[in-house]
Every structure is written in structure tokens, then in C-alpha cells.
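Please read the structure below before turning to the comments.
So that the names make sense, note that chain A is the first sequence line, chain B the second, and so on, each numbered from 1.
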Amino acid sequence: MKFASVIVDVAAMQTDREFDYKIPEQWQDAVKPGMRVIVPFGPRKVQGFVTKVKNDSAFERLKNISELLDLTPCLTPELLQLGDWLTEKTLCFKISAFQAMLPAAMKAKYEKIISLIGREKLSEIEILLQPFFEKRNELNWKDIENEIPISVIQKEAAKQNLEIIYEVKQKTKKKMLKYISVNVNKDELRDYYNSLTVQAKKQKEIVHFFLQSEQKSIPMQELLSVLNCSAASVKTLVKKDILIEEEREVYRDPYEDRSFQKTIPLQLNEEQEKAIVPILEAVNDKKHEVFLMYGVTGSGKTEVYLQSIEKVLNEGKEAIVLVPEISLTPQMVNRFKGRFGSLVAVLHSGLSTGEKYDEWRKIERKEVKVVVGARSAIFAPFENLGMIIIDEEHESSYKQEENPRYHARDVAVYRGNYHQCPVILGSATPTLESFARASKNVYKLLTLADRVNARSMPAVEIVDMREELRTGNRTMFSTNLIEKLQDRLAKGEQSVLFLNRRGYSSFVMCRDCGYVIQCAHCDISLTYHRFSQSLKCHYCGHEEHMPTKCPECESEHIRFFGTGTQKVEEEILKVLPEARIIRMDVDTTSRKGAHEKLLTEFGEGRADILLGTQMIAKGLDFPNVTLVGVLTADTMLNLPDFRASEKTFQLLTQVSGRAGRHELPGEVVIQTYTPEHYSVQLASQYDYNLFYEKEMLIRKQHSYPPFYYLSLVTISHPEVTKAASVTEQIVSFLRRELSTQTIILGPVASPIPRIKDRYRYQCMIKYKREKNLHAVLKKVIEHYAQQIAKDDLIIAMDLNPNTLM
DNA sequence: AGCACGCCGACT
DNA sequence: GTCGGCGTGCTC
């Protein structure tokens, strides 16, 4: 008799442990750790992951596993182990860690069905229920839960008139297609063809098709349409065992109808050559090393990636490439598919659940060797990993902002160590954390200081918008920028205008009394949405009408402040009426494929100006772009975020890199209200090193990363006093438990003190070495487990948070 | 989490 | 005397 330890799909403190089950006889040899199963759990059935298979169990009254969902484990031994690590490092539930590693399609869906036990009993049951069973024997719980009191159903269930069935369903199935293939050899087939009479015309055609065809099998649909015959005649042949019918899995391929221009490795320049040598060495020596490839925009990092991967493939190994969601553009995909063709799987949020699942299946079945994808692609179930690349290493989207709050960079280092393979972090503006590690030789620094073909970085001009205002220019464009735009228009060159929306919202304010309209449930101002003429809250979704007069003073001078891309577009057209503008923001790119369409349009020169938000900051490479304008450089600087300067520097550098990437020289105009700020100044001079030094000093002064590690505990509750008092208790507990060198700040109200009618307090922990931190924080959660479950208390823990909001 | 069980007040 | 409210505890 064999037993399985199972982690069940119930994300809760009390169920966050293994439960043992008996493995039924027929699956004794089949069940392996890492497989998904369906198990009875209390009165219901849930999905679970087998973590161990063993010969005994300490528990006595064991139940049987109900169903086995996988033929091969979907979690490799490595991923199972990684699950333990994730659970410990991010303080999440084991089940959440497992689910984060798999495509959403593999998460179970639960259904509750009420089934009538015998038709003859229909008259016995509650009159209320009878009409529902008039035509059918089964009802979906969802359809009746609001129609009939639950007690009625429970009573009938107790009387054995009804049965409640708990079903576990898969979100997405494999896409199956019916295939027809030949079941006999060519000679037999020919004999059979000759034996057919003239009446069997269609059958003859079908057999003839297979006789002259190279392929042994063909999708049913295709066969029918090619020969214009009916399914009946095929069925006849299947019945006679000449043909055979089978279901086969097919992939939903999002790139099916696209062809990729095959590319060959480019000649590397001296710098690239110097950078790739240690990488190839590490591959050769099967050595785990982390490389920080610090390469200015346009220095040809991607070509180094491609040639490194080529080496890895030649060694018979696999590679993972992470790219930020936002720059996972077709341009980027093309570069990888162009070089490695069908060996590449692509994983990003633009794909449907089914498409993502299919790409993942290609990885699982080892049909691809390279994965290009966003954050979660770091969990690709490769078993022979030879390299992990994280492009744009500094991007904050590599950190998941929900449980498990992991950073893909940390997972990459873990996996690199497991597989003893190199990890490459690439960026033009590395995070201070990574650059500091490179300075201490923890990471190996590879530098690409020049752009390929020695093109110079575009000249950057900083425009002081306060000065503009003083000279009477009240528009959002400086005279300088308008002149340059006009110039490009005249020359037929293109411009990119970047509107920094982060940290900036279009709030509504009364010009008479200064009243700002806020959300009723959150302490945050509402955002004006022109499209629906309404005010929305970004945190809870609350929506209300745009008022015609101020709710405070009844003044009619109430209007919205702030700038959306729509507004900017209108403003440009006032000054440059002949300009053709493409606008890119969440509104214009929400439809599938819209993003790509707009970029293609711009690339083909069908517009003069590309106007957009964050999403145009990186990856774009258009030869005709010679001007980049940043409308508001400093909106982020005012956020309560210790990384504000770093993010501003990164963004300005990235955006500047969009201009003059080809023959035509580029120019950049940065508009700002704080031109003297070092992040603006140094970005304009492309001086990363000086920025690094300056920012490091400030981080040191304030005990922020990379000098200290950071953890943030956020406590929320519907009552202010409760939230505050619990935070107070937690802070004093932490002060007792943690070392004296550790800095514990709080309790303080969160930067956003209330979200969805919940008051938020936080406590910040700054530490250098704190061996027991994870255990201590876990103790905190355990201590409040009761209140979390019953009293609507939420304690959120973020180890190494990206933002302090 | 989601469900059953059980204890208490309000009702036929 | 029963119905239904929610607090408590368990799920292999």
C-alpha cells in the first residue's frame, strides 16, 4: 500500500500543510510527486498537488485519492523544492506558490450540483423545488442559490431525496482535434482500393487520397473539405479498420499565421565580444555565476543574449529569457523567433488562458528550448536549464505585487544555482542593488559603454517649465519643444512624446475653495475619465458622476486638473493642426492586437507623432524618430517612495534611448519643474555612474537598500483604532524579538491611509542581518490567525517591497 | 476557504 | 417545541 502527501487547493493558514491519502491500487505506480490529483476534503472535493509518495502514514483514517489529473508531474522535483523556498521567503501558502508556477488554465474550478436521486421521489420533495426538476435531474447550485433557501435543500439532502455533488473542473482543456490516419500499410491499402466497387465512389476517393499522399494522417475537418465528402463515408472506412480515428492535442498558436524572417548571428563588436567571453566560459564550465550586463541603450545587448543562447542550445540545454511585459512587443518576439524559429515559446499577458497553457505545454513536453516571457516565465518547467537572462533588470514589474510576492530576479538566481548555469541581468540603468553587488564582485560586471556603430547618444535639453510659465506660456509645451516638433514636421521626420502618468492623476478640484473630490471609500482623489464622463477610484473601482458644482461651496468653477493623452493630443493639434498623431495609452491599446497595429502604423510613417504613456518608454526602435519629448519628467519625484529618484533616472534614460538609433541623429527635450534635481540632470548627461554614487550616499544616509534590507508589514481593518492598536502590538513584539541593530519604524498610517473602507497602518523593518526574520514574521501571522479569520483583520507582509504604498 | 455542528433567541 | 441566526472547529 502506498500513500501520498498532498497540498490541497485551499489557501488558508489552517490548511497550509500536507494531508495524507491512500493511493488506489490502479495508480500505485503512476502517482508521482508533482502531479495534480483530486481528493476528498471534508464534504467536498478539491484539487491538490502530490508532494511525497510514501509507504506509510501516521494518520489512521485515510481516504483514497479520487482522481489522478496528470500523466507526468507538472511540477518537477526542482519546482517542488522551489515551492518550499518561495513559501519560506515570501511567507505565502504552499498552494499559492505552486499555483504561481503554473499557467492559470491549470487552476481548478469548482462546481456544486444538486442531483435528484429518484424521479419517483419528485412528489415527495418540497413544492418549491419541484418546478426546477420538471425537465431535468440536475441543477447547478449557482442557478438556484438565490431562488431557494439553502435549508430547504439541506433538508431534502438529509432525507436522501437530493444529493449534493462537488465537482472539480479544469479551467481550460487541451484543444483536441479529430485526426484520421491509415491503419494498414501501403500494399494493403492499394489492395483494398482495387477491391472497392464503382458504387463506393467516395470511399475510393478517400483511399486514393491516402495512396497518393505523403502524410499518413490528416485532421478530419481538412479531409472532409479537401475531398468534399461526408463524415459517413470516412466512418465506414474506420469501421472496416482501414482508417483509424483519433483525438490529438493541437496547440492554439498565437503566432501561427505569421512568418519570421530568419536571422543569422551578427558580427559582434569588440565590446560585445569582450562581454560574451566570460558568459560562454561559464556555460562551458557549467558554472553558476550572475552577470550584470550594464549596456547603454542601443549597445546591442540583445545580440549578446542571442549568441549566448545559441551556445546553450548547442550544449543541448535550455534557456529562459525574461522581458518586461511592456516591452514584450512583436519586435522583441521577432528577434528571438527569427533566430531560433519554432524552438521558442512565448509567454505574456496578451495571450488567452488557452494560448498560455499551450505554450506552457510545449515547454513541458520539451518541444521548445527557449522561453521568452514576462515575470512568471521564470517558472518554465525546463529540467536542463543552461541560462537565464533577465532583460531590463531594473524593471519593477519583475516583482509580483500579490501573493506570493516574489521577485523574478531572486527566483532566477535560485534556479541558476540549482542548475549550475549562468544568470545574466541586463540593463542600461541597473538597480542600485544589482550595481552594488557587481561593485562588490558578487555579480560579474560586463560593460557595453558604446552604442553599436558608435552612434552618439542624442543630445538632451532640459527645459524649466517654471521659466516658461513666467514668460507667459501656460500650455504644457515649451516654446522649445514646439519649435522642434515643427521642424520635424517640416523635414518629414518623426517624434515621440512621452507623458509620465505615474504619480500623476487627473483629479477634480474646485477653483474657488480648493476642494478636491475624493473617493468615499479610500483616501485618494478620484480620477476623471473623459470617456464615460465620470470619476473613478483606481483602488476600489468606485465610480460617480462628474459634478456640475462644488459639493462644498456650490461654486460652478469646478474642473479637472491634470493631463491625459487625449488632452495633450488636443493641445498639440491647436498648435500644429497638420500633425498626424497616434495616441497610445490604456484606452487605445486595450483591444487585442491594438498595441501592435498602432506601432506598425507609426513604423510605416503614417503618423508624425507618437504620443503615449509608460508603454512607449522602451523597446521601440524606429529609424525615422529624431525627437523625443518628455512632457512631465518629475511627476514621480513627489511620491512617497525611496526609489523615486532612481525610477525617474531610469525612465528618462530609457525614453531618451528611443531617439536617433539609426543614421539620423536624435534630440531629446525634457520638460520639468525641478530641472536642478540630480536624477534629471544626470539622466540628461547619461551619467549613470555619478547618479549611482549620489543616490548611494542618500540611501546610506537614510538606511535604505542596498545598505539595508527592507520589509513592510501593512495592517488593515475597517476600524481605525483596531488597525492602529494591532500595528502597535506588532511593532512592540518585533522590537522584542529582533536584534537591536534592526530599525523598526511605526506604527504609522500608510501613504494611502484608507482603501475600500479599510484603514491601513504599517510598520517598516530595516535590517542588515536578521536570521530569524521569516520565523518571527510567521509568528506574528500565527498569533493573529484567529482575528484574521474571524475579525476581518488583514496583515500583509512584503519582504523587499518595491513601493511603500 | 467552506462546511457541519451546536448553542441560543424568536417564532408558530 | 422548532426554526434559523452565527460562533467554533475541522478538513487526511
Under 4.0 Å, counting only non-hydrogen atoms across every strand here, what does [X] touch: a base, just sugar-phosphate, or nothing?
X	value
A:Tyr166	sugar-phosphate
A:Lys112	sugar-phosphate
A:Lys790	base

Considering residues at least two apart in sequence or located in another chain, which fulfil the salt bridge (charged side-chain N to carboxylate O under 4.0 Å, His left out) criterion with [X]?
X	value
A:Arg754	A:Asp523, A:Asp757
A:Glu543	none
A:Lys356	none

Next item on the list: Kindly state which residues belonging to residues 63-70 of chain A come within less than 4.0 angstrom of DNA chain C, counting heavy atoms of the residue only, listed by number.
Entry: A:Lys63
Check: Hey, can you pull the residues of residues 12-21 of chain A with a non-hydrogen atom under 4.0 angstrom from DNA chain C?
Finding: A:Gln14, A:Thr15, A:Arg17, A:Phe19, A:Asp20, A:Tyr21
Check: Between A:Tyr110 (OH) and C:dT11 (C1'), how many Å, whole number?
Finding: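 Rounded to whole Å, this separation is 13 Å.
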Checklist line | Whole-Å gap separating C1' (C:dC3) and CD (A:Gln154) | finding: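 Atom-to-atom, A:Gln154 to C:dC3, this comes out as 13 Å.
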Notebook entry, point to check: Is there any ring pair (Phe, Tyr, Trp, His ring centres under 6.0 Å) pair reaching into residues 132-168 of chain A, and which pairs are they, with sequence neighbours excluded?
Noted result: none
Notebook entry, point to check: Which pairs count as ring pair (Phe, Tyr, Trp, His ring centres under 6.0 Å) when at least one residue sits in residues 18-56 of chain A, sequence neighbours excluded?
Noted result: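 Checked against ring pair (Phe, Tyr, Trp, His ring centres under 6.0 Å) - neighbours excluded - the pairs reaching residues 18-56 of chain A are A:Phe19-A:Phe41, A:Phe49-A:Phe98.
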Check: When you list every nucleotide of DNA chain B with an atom under 4.0 Å from a heavy atom of chain A, which one comes first 5' to 3', and which comes last?
Finding: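 Contact boundaries, 5' end first: B:dA1 to B:dA4.
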Next item on the list: Taking atom types as modelled, find out whether A:Thr51 and A:Glu18 have a side-chain donor-acceptor pair closer than 3.5 angstrom.
Entry: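 Short answer, yes.
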Note to self: Under 4.0 Å, heavy atom to any atom of DNA chain B: which of residues 32-49 of chain A qualify?
What the structure shows: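 Close to the strand are A:Pro43, A:Arg44.
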Crowded around [X] [atom1]? As in, over 12 foreign heavy atoms under 6.0 Å?
X	atom1	result
A:Lys399	NZ	yes
A:Glu25	CD	no
A:Gln160	CD	no

Margin query: Suppose we screen for ring pair (Phe, Tyr, Trp, His ring centres under 6.0 Å). Which residues come up paired with A:Tyr709, at least two apart in sequence or across chains?
Written below: A:Tyr767
Checklist line | Contacts of A:Phe642 that satisfy ring pair (Phe, Tyr, Trp, His ring centres under 6.0 Å) - sequence neighbours left out | finding: A:Tyr704
Margin query: For A:Ala789 and A:Ile164, find the nucleotide of DNA chain B closest to each by heavy atoms; which residue's nucleotide sits nearer the 5' end?
Written below: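 Taking each residue's closest nucleotide, the earlier one in sequence belongs to A:Ala789.
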Checklist line | Sidechain-backbone polar pair: A:Asp641 side chain, A:Arg643 backbone, donor-acceptor under 3.5 Å | finding: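 Yes: the side chain of A:Asp641 pairs with the backbone of A:Arg643.
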Show every donor-acceptor pair shorter than 3.5 Å between a side-chain atom in residues 775-790 of chain A and any protein atom, with sequence neighbours excluded, or say none if there are none.
unit_1: A:Tyr784; atom_1: OH; unit_2: A:Gln729; atom_2: OE1; d: 2.6
unit_1: A:Gln787; atom_1: OE1; unit_2: A:Lys722; atom_2: NZ; d: 2.8

